[in-house]
Amino acid sequence: MSEVKTRFAPSPTGFMHIGNLRTALYAYLTAKSQGGKFILRIEDTDQDRKVDGAVQVIYDTLSIAGLRNDEGPDCGGPNGPYVQSERLDIYRKYAQQLVEQGDAYYCFCTKDRLAKLHEEQESPDFKGRHGYDGHCRHLPKAEVEALLAAGTPYVIRQKVPQDGVTAYHDVVFGDVSVSNSELQDIVLIKADGFPTYNFAHVIDDHLMEVTHVTRGSEYVAQTPAYILIYRAFGWEHPTYIHLPLIMGKDAEGNVSKLSKRHGSVSFQDMIEDGYLTEAIINYIALLGWNPKTDEEMFTLAELEKRFNPEAINKSPAIFDYEKLLWFNGQYIRKLSADEFYEKALPFIRQAVKNESIDMRKLAALLQQRLEKMTQIPAQLTFFDALPEYSNELYVNAKSKSTLESAPQALAKSIEVLEGLDEWTNEKLYYALKDVAAELGVKANAVMWAVRVAATGTLVTPGGATDILDILGKEESLNRLKNGLARF
RNA sequence: GGCCUCAUCGUCUAGUGGUUAGGACACGGCCCUUUCAAGGCCGCGGCGCGGGUUCGAGUCCCGCUGAGGUCACCA
């Protein structure tokens with residue numbers, strides 16, 4: 001058996017939909033799990049949808065995600081060029097061949113005629129099948145020549161057989177068959193001379209020796225038409241791996257294709273949202289594929305070994321942001337202190353301008369209780385300045401902190417802390433424990449009062465002494481005194 | 001509407017004729033604890049419906065229902 005080759009063939013739209021990324025991931029993993037090659041091909045045949053810089057977004061995303069392609073416009077390869085707009089001559093040549101063979105034909109129908117046809121078919125009393133009516137199918141050769149010579153605009157359409165059934169085996173969906181009568185005479189070459197996706201991808205996949213086509217399940221019913229093209233050329237078609245779509249659920253509980261209204265859907269947006277690449281990859285790998293184990297934390301390298309397209313599910317899966325968040329928290333905790341610090345610093349700086357604060361200590365506190373980076377600033381609002389707060393914050397039943405106990409705890413703490421020569425978390429911790437012992441109260445009661453006075457905030461990253469440590473002696477004492485003065 | 005396809009806890013899923021239907025997220029409780037998290041333990045919760053086949057069906061067959069896809073000179 002020849003070497004496995006898969007490809008990712010996105011259109012340069014300017015952003016990478018998460019469903020697209022998953023398609024790329026699965027294609028990549030299909031190749032790598034079998035020691036094969038992964039090709040990147042740019043499908044830019046729609047001139048109206050060209051977006052500047054869009055190809056770069058594709059390169060960047062694959063690079064960040066770690067999906068290194070073995071062939072492609074960026075790194076070359078034996079079967080280039082890998083950008084469809086640079087292959088126009090190739091498509092034209094093959095389309096020509098199909099016309100000569102009688103497997104395709106020129107169509108001179110105007111857009112107006114097509115629009116009118118469409119309108120008729122959409123009318124309530126229309127009962128026939130939809131699509132092109134084959135108007136130009138049987139134009140006499142002489143007439144075609146004349147129209148061509150006159151420079152009439154045209155497209156080239158596939159001539160599909162009127163009867164019979166075309167079937168294929170899909171790795172995910174099993175045997176799929178469609179009556180040829182259901183297939184349309186699809187456009188192969190557009191009026192502007194560019195090929196359609198339908199045609200270009202068949203030619204390219206063959207010429208680039210792609211063995212496995214991984215793509216979304218929206219193509220399942222279209223694939224027989226493509227197989228007909230392969231047959232017309234006498235080529236063997238690749239193995240098909242159609243992926244179930246990724247769905248989203250809205251507030252009302254309605255399920256539909258994952259889109260903007262469900263949350264961030266592009267890779268870039270998710271990164272900006274504070275999700276880690278590793279978490280995204282891990283999560284989407286499991287969205288529709290099961291590793292046949294209860295384990296679910298996988299690095300890309302592990303996935304490369306483990307992946308098996310046979311274990312892809314058929315049914316569409318709903319994208320669950322909650323679970324992604326959980327993965328993200330797991331990966332944040334797995335980061336080394338340095339790695340986390342580097343990633344967290346920009347977010348810390350958003351909230352903390354005070355340069356004298358030990359950012360590394362702060363980061364260490366954050367890493368233990370974070371689900372995504374963007375949650376950082378909101379947790380740090382009290383560092384630069386003590387916020388307005390109500391004395392009610394001093395009341396906490398579980399810690400046995402009351403409006404009476406809090407000022408006592410603060411007074412004693414200030415007294416003891418002022419004499420503390422070494423301002424470290426550890427020293428602070430034992431000093432406050434002693435305060436509690438002297439006062440004859442629970443340590444929690446003292447910790448609570450101190451933490452509230454130091455932060456004016458109910459929930460904080462780190463405990464009382466962690467905060468004091470970072471705040472420093474002078475600022476801490478100021479805040480504690482300020483707190484005491486409120487009573 | 002025609003055609004294609006799918007269907008196990010709220011969500012992602014394991015399951016391939018005989019299981020107390022397993023795991024994960026979320027949710028609830030407890031433990032731990034210097035707040036909140038994290039972590040540990042426990043719990044709640046599911047085979048869409050109706051017919052078959054079979055000694056026995058989440059697993060096989062048929063129908064229904066529901067859901068998704070597709071029917072572009074977009075990919």
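Side chains are part of it too, since the values below use all heavy atoms of this structure and drop only hydrogens, waters and symmetry mates.
- When ring centroids are compared, A/F319 and A/Y283 come within the 6.0 Å threshold.
- Using a 3.5 Å distance cut-off with no hydrogens or angles, the side chains of A/Y105 and A/D185 do pair a donor with an acceptor.
- Contacts of A/N425 with the nucleic acid, taken as non-hydrogen atoms under 4.0 Å apart, include base atoms.
- Using a 4.0 Å heavy-atom criterion, one finds that A/V446 contacts no nucleic acid atom at all.
- To the nearest angstrom, P of B/rA7 lies 7 Å from NZ of A/K314.
- For A/E182, taking side-chain heavy atoms from C-beta onward, the closest of the listed nucleotides B/rC4, B/rC3, B/rC73 is B/rC3.
- Taking 4.0 angstrom as the limit, A/K323 places none of its side-chain polar atoms (N or O) nearer than this to OP1 or OP2 of B/rG23.
- Counting non-hydrogen atoms of other residues, nucleotides and ligands closer than 6.0 Å to NZ of A/K442 gives a total above 12.
- The side chain of A/Q158 places no N or O atom within less than 4.0 Å of a non-bridging phosphate oxygen (OP1 or OP2) of B/rC73.
- Atom CG of A/D294 and atom P of B/rU13 are 15 Å apart (whole Å).
- One finds the OH atom of A/Y154 at 14.5 Å from the CG atom of A/L139 (value rounded to the nearest 0.5 Å).
- When distances are taken from the side chain of A/W326 to each of B/rA14, B/rC25, B/rC73, the shortest belongs to B/rC25.
- A/N396 comes within contact range of no nucleotide atom at all, as no heavy-atom separation falls under 4.0 Å.
- Residue contacts for A/I467: at a heavy-atom cut-off of 4.0 Å it reaches no nucleic acid atom on any strand shown.
- Regarding contacts with the backbone of B/rG15, every side-chain N or O of A/N290 stays at 4.0 angstrom or more from both OP1 and OP2.
- In this structure, the aromatic ring of A/F173 is not positioned over the six-membered ring of the base of B/rU5 within 5.5 Å between centres and 30° between planes.
- With a 3.5 Å ceiling on both atom-pair distances, B/rA72 lacks any Watson-Crick or G-U wobble partner.
- Nearest-nucleotide assignment on RNA chain B puts the 5′-proximal partner with A/S177, out of A/S177 and A/Q47.
- Across B/rG10, B/rA38, B/rU34, the shortest atom-to-atom separation from the side chain of A/D320 is found for B/rG10.
- Distances from the side chain of A/R49 to the nucleotides B/rU35, B/rC25, B/rA75 place B/rA75 closest.
- Here the separation of B/rA67 from B/rG48, taken at their C1' atoms, is 11 Å to the nearest Å.
- Here A/T460 lies in heavy-atom contact (under 4.0 Å) with a base.
- Considering only the side chain of A/Y429, B/rU34 comes nearest among B/rC6, B/rA75, B/rU34.
- With hydrogens and angles ignored, no donor-acceptor pair under 3.5 angstrom links the side chain of A/S399 to the base of B/rU35.
- When the C1' atom is used for both B/rU11 and B/rA26, the distance is 8 Å, rounded to whole Å.
- Residue A/R7 contributes atom CZ, which lies 11 Å from atom C1' of B/rA75 at whole-angstrom precision.
- The aromatic ring centres of A/F327 and A/Y275 sit 6.0 Å or more apart.
- Across all strands shown, B/rC6 pairs with B/rG66; the Watson-Crick or G-U wobble distances both stay below 3.5 Å.
- Residue contacts for A/E43: at a heavy-atom cut-off of 4.0 Å it reaches the sugar-phosphate backbone alone, with no base atom in range.
- Among residues two or more places apart in sequence or in another chain, the side chain to side chain contact (heavy atoms under 4.5 Å, CB included) test is passed with A/V99 by A/A104, A/Y106, A/I156.
- Using a 4.0 Å heavy-atom distance criterion, A/Q84 is classed as making no nucleic acid contact.
- Among A/L114, A/I186, A/V187, the single residue meeting the side-chain contact (heavy atoms from CB on, under 4.5 Å) criterion with A/Y132 is A/L114.
- Comparing B/rC25 with B/rU16, their P atoms sit 24 Å apart, to the nearest whole Å.
- If you take atom P in B/rG45 and the same atom in B/rC64, they sit 34 Å apart, rounded to whole Å.
- Looking at heavy-atom distances under 4.0 Å, A/S11 makes contact with sugar-phosphate atoms alone, never a base.
- When the side-chain nitrogen and oxygen atoms of A/K442 are compared with OP1 and OP2 of B/rU34, none of them lie within a distance under 4.0 Å.
- Put simply, CD on A/E218 is 20 Å from P on B/rA67, counting in whole angstrom units.
- With sequence neighbours excluded, the residues that form a side chain to side chain contact (heavy atoms under 4.5 Å, CB included) with A/S256 are A/R261, A/H262.
- At whole-Å resolution of the value, CG in A/L365 and P in B/rU34 are 14 Å apart.
- Taking atom C1' in both B/rC12 and B/rU53, the straight-line distance is 33 Å, to the nearest Å.
- Of the residues near RNA chain B, A/E296 and A/V459, the one whose nearest nucleotide (by heavy atom distance) lies more toward the 5' end is A/E296.
- When the C1' atom is used for both B/rG15 and B/rG51, the distance is 24 Å, rounded to whole Å.
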field: Full working for ring pair (Phe, Tyr, Trp, His ring centres under 6.0 Å) between A/F307 and A/W289
entry: CA-CA 8 Å; A/F307 191 76; A/W289 170 75; 5.1 Å; yes
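- Of all nucleotides present, none satisfies the Watson-Crick or G-U wobble test against B/rC44 with each distance under 3.5 Å.
- Nearest nucleotide to the A/I318 side chain, out of B/rU34, B/rC12, B/rA75: B/rC12.
- Across all strands shown, A/V155 has heavy atoms under 4.0 Å from base atoms, whether or not it also approaches the sugar-phosphate.
- Looking at the side chain of A/A221, the nearest of the listed nucleotides B/rG69, B/rA14, B/rC73 is B/rG69.
- Between B/rC71 and B/rA14, the distance separating the two P atoms is 29 Å to the nearest Å.
- Rounding to the nearest 0.5 Å places CE of A/M447 at 14.0 Å from CG of A/N396.
- Side chain of A/Y197, nearest nucleotide from B/rA75, B/rA14, B/rU34: B/rA75.
- The separation between A/D48 atom CG and B/rA75 atom P is 9 Å, rounded to whole Å.
- Counting any heavy atom pair closer than 4.0 Å across all strands shown, A/L458 reaches a base atom.
- For B/rU35, one of the phosphate oxygens OP1 or OP2 lies less than 4.0 angstrom from a side-chain nitrogen or oxygen of A/N444.
- What separates NZ of A/K372 from P of B/rA38 is a distance of 16 Å, to the nearest Å.
- Nucleotides B/rA75 and B/rU70, compared at atom C1', are 13 Å apart to the nearest Å.
- Considering only side-chain atoms of A/D46, the nucleotide from B/rG69, B/rA75, B/rC73 that sits closest is B/rA75.
- Contact annotation for A/G288: backbone-only contact, meaning every heavy-atom pair under 4.0 Å involves sugar-phosphate atoms and none involves a base.
- For A/T45, the listed nucleotide lying nearest its side chain is B/rA75; candidates were B/rA14, B/rA75, B/rU34.
- Between the C1' atom of B/rA72 and the OH atom of A/Y219 lies a distance of 12 Å, rounded to the nearest Å.
- Within the 4.0 angstrom heavy-atom criterion, no nucleotide atom of any strand lies near A/A443.
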